[in-house]
Structure formats: C-alpha cells, structure tokens
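Here the structure comes first, spelled out in structure tokens, and everything after it is commentary.
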Amino acid sequence: MKKIRETELRFVYRDTEYLAPDEINEARDAAKLFEDVFDMSAQAQEIFCALFLDEERHVVGIEKVAMGDVKSFQSSTHELFKRGLLHNASRVIVAHNHLTDTPNPSFEDVELTWTLVHSGMFIDIQVDDHLVISNKEFYSIGMAFQMEGYSPEEDYSGEQLKDVFQKLEEEKFSPFKI
C-alpha cells in the first residue's frame, strides 16, 4: 500500500488590481489589457501571458504563464490549460511580446497558435486569439487567419499552416496600435 495525502488547490491573489473592460470583444481590448498589466512592450525578455474568459467573454483571470530570454520563450500547453481550468475559463486569449520593433509573427508563433487551438478543443477551452505585442503595437494571428479564410479547427493535420504563413508574410498585414 502507498500512502497518499489529501490535497487542495488555492488561488493566490496579488495585491495589485487592474481595471478590465466588462467584456473582451476585440483584439485591441485584450492587447491594451496585456500592455497595462504586464507592460509587454518594455520587457527585457519574452513573456507568454494568458487572458482567461468565461463563455460571455467576461475576464475571469490574467496570468503570466512563461518567461523566456531575449529571443524566445518556452511555451507550455499543459501549464496554460491547467490555469484555464483552475479559472473555470471557457475561452482564452494568449499573447507574447517580441523585443524587436515589429510584432509580426514567426512561423513558430503561427504553429503555436494551431497547437493551442487543437489542444483546447479536447478540453472545451476555446482559443480566441494569439496576440504578438511589440513597441505599443500588436498583431492578431486570429484576425490574420480570418482574413485568409483559414480555420485551424478544420486543418486537423496542420498541412495548410506553411501556406497560410507564407501568405501572411507576403501580404505583411499592418500591426495595430494599442
């Protein structure tokens, strides 16, 4: 026989409070909240953050999920969705910063978005968007996918991902101001 202990999970709230919109319906609202809370444009390293929402898109939590170095961060799908489940979230918007002057996504950023969308489908947490933030500007990978008519949910194998990324690079969508 093996001894086990009863466990209990608890949230730890920080003393800092932020004002959030009642609902997050636009990528700009999410980007502004990420910038206000984490000052993403001024970071000295890349960070990966998540905004957790309920079904009606009300904010139920915001967290820094991972920190990296000057070139990248190590994302953890497990850690992201564990936190989403703890928040009782139905939706999530993720964001990370680039230390360069441009928030244009890399192929790895686009591939991560595809992975997160598919992982969330299995546990019923919808990934609404992935924002890349730099220099008080943001790029919405979700909006870019919509403009290209691409749905990661329907591309089960990810075969179309390289073609979509190539189109995004060629068209050079302009980032939005926060």
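Values below: every heavy atom of this structure, side chains too, minus hydrogens, waters and symmetry copies.
- The distance from atom CD1 of Ile123 to atom NZ of Lys82, rounded to the nearest 0.5 Å, is 12.5 Å.
- Using a 4.5 Å cut-off between side-chain heavy atoms of Ile, Leu, Val, Met, Phe, Trp and Tyr, with links allowed through other members, Phe122 and Val127 fall into different hydrophobic clusters.
- In terms of modelled atom types and a separation under 3.5 Å, the side chain of Asp36 and the main chain of Leu33 share no donor-acceptor contact.
- Side-chain atoms of Asn97 come within 3.5 Å of backbone atoms of Ile47 as a donor-acceptor pair (strictly under, hydrogens ignored).
- Of all the heavy atoms in Ala30 and Leu51, the pair that sits closest is CB-CD2, 4.0 Å.
- Taking the side chain as every heavy atom from C-beta outward, Phe145 and Thr113 approach each other to under 4.5 Å.
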_What verdict does the side-chain contact (heavy atoms from CB on, under 4.5 Å) test give for Lys162 and Phe107, after you've listed the backbone C-alpha separation in whole Å, the side-chain angles of each residue and the deciding distance to 0.1 Å?_
CA-CA 8 Å; Lys162 286 187 180 180; Phe107 178 72; 3.7 Å; yes
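- Proximity of a side-chain donor or acceptor of Ser134 to a complementary backbone N or O of Thr100 within less than 3.5 Å is detected.
- The aromatic rings of Tyr156 and His118 stand perpendicular to each other, their planes meeting at an angle above 60°, with 30° marking the opposite boundary.
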_Residues Trp114, Asp155; criterion side-chain contact (heavy atoms from CB on, under 4.5 Å); working and verdict_ = CA-CA 9 Å; Trp114 181 89; Asp155 182 15; 4.2 Å; yes
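- From His78, atom NE2 reaches atom OG of Ser76 across 7.0 Å, with rounding to the nearest 0.5 Å.
- Counting heavy atoms from C-beta outward, Leu80 and Val94 have side chains that approach closer than 4.5 Å.
- Among residues at least two apart or in separate chains, ring-ring contact (aromatic ring centres under 6.0 Å, His included) pairs with a member in residues 24-49 are Phe48-Phe73.
- Between the CD atom in Gln166 and the CG atom in Leu168 there is a gap of 10.0 Å [rounded to 0.5 Å].
- A side-chain donor-acceptor contact under 3.5 Å links Ser140 and Asp129.
- Annotation: side chain of Ile24 is in contact with side chain of Val59 (closest heavy-atom distance under 4.5 Å).
- For the atom pair Thr77 OG1 and Phe81 CZ, the distance stands at 6.5 Å (nearest 0.5 Å).
- Legend: residues meeting side-chain hydrogen bond (donor to acceptor under 3.5 Å, both in side chains) with Glu35, ordered by chain and number and at least two apart, are Ser41, Lys136.
- Of the inter-residue distances, the one linking Met143 atom CE with Leu131 atom CG reads 9.5 Å to the nearest 0.5 angstrom.
- The closest side-chain heavy-atom distance from Glu63 to Cys49 is not below 4.5 Å.
- With contacts defined as side-chain heavy-atom distances shorter than 4.5 Å, the pair Phe173/Asn104 does not qualify.
- Residues Ser90 and Glu55 approach most closely at CB-OE1, 3.3 Å, considering heavy atoms.
- Summarising the geometry of Ala27 relative to Phe138, their closest heavy-atom pair is CB-CE1, 3.7 Å, with the distance given to 0.1 Å.
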*Determine, stepwise, if the pair Glu170 / Lys167 fulfils salt bridge (charged side-chain N to carboxylate O under 4.0 Å, His left out).*
CA-CA 5 Å; Glu170 290 169 3; Lys167 286 181 189 177; over 6 Å; no
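- Two residues are said to be in side-chain contact when any heavy atoms from C-beta on lie closer than 4.5 Å; Tyr150 and Gln160 meet this criterion.
- Separating the NZ atom in Lys32 from the CD1 atom in Ile133 is a distance of 11.5 Å, to the nearest 0.5 Å.
- Two residues are said to be in side-chain contact when any heavy atoms from C-beta on lie closer than 4.5 Å; Arg28 and Ile178 fail this criterion.
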*Take Ile125 and Phe52, measure what side-chain contact (heavy atoms from CB on, under 4.5 Å) needs, and give me the verdict at the end.*
CA-CA 10 Å; Ile125 295 179; Phe52 300 104; over 6 Å; no
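- A salt bridge is absent between Glu23 and Arg57; no separation between the charged side-chain nitrogens and carboxylate oxygens falls under 4.0 Å.
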*asked:* For a side-chain contact (heavy atoms from CB on, under 4.5 Å) check, start with the C-alpha distance between Leu53 and Val60, then their side-chain angles and the critical distance, and finish with the verdict.
replied: CA-CA 5 Å; Leu53 309 169; Val60 294; 5.6 Å; no
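- Residue Arg83 comes nearest to Val65 through the heavy atom pair NH1-CA, 3.7 Å, listed as atom of the first residue, atom of the second, then distance.
- Neither side chain, Asn135 nor His98, offers a donor N or O lying under 3.5 Å from an acceptor on the other.
- Considering only heavy atoms from C-beta on, His96 comes within 4.5 Å of His130 through its side chain.
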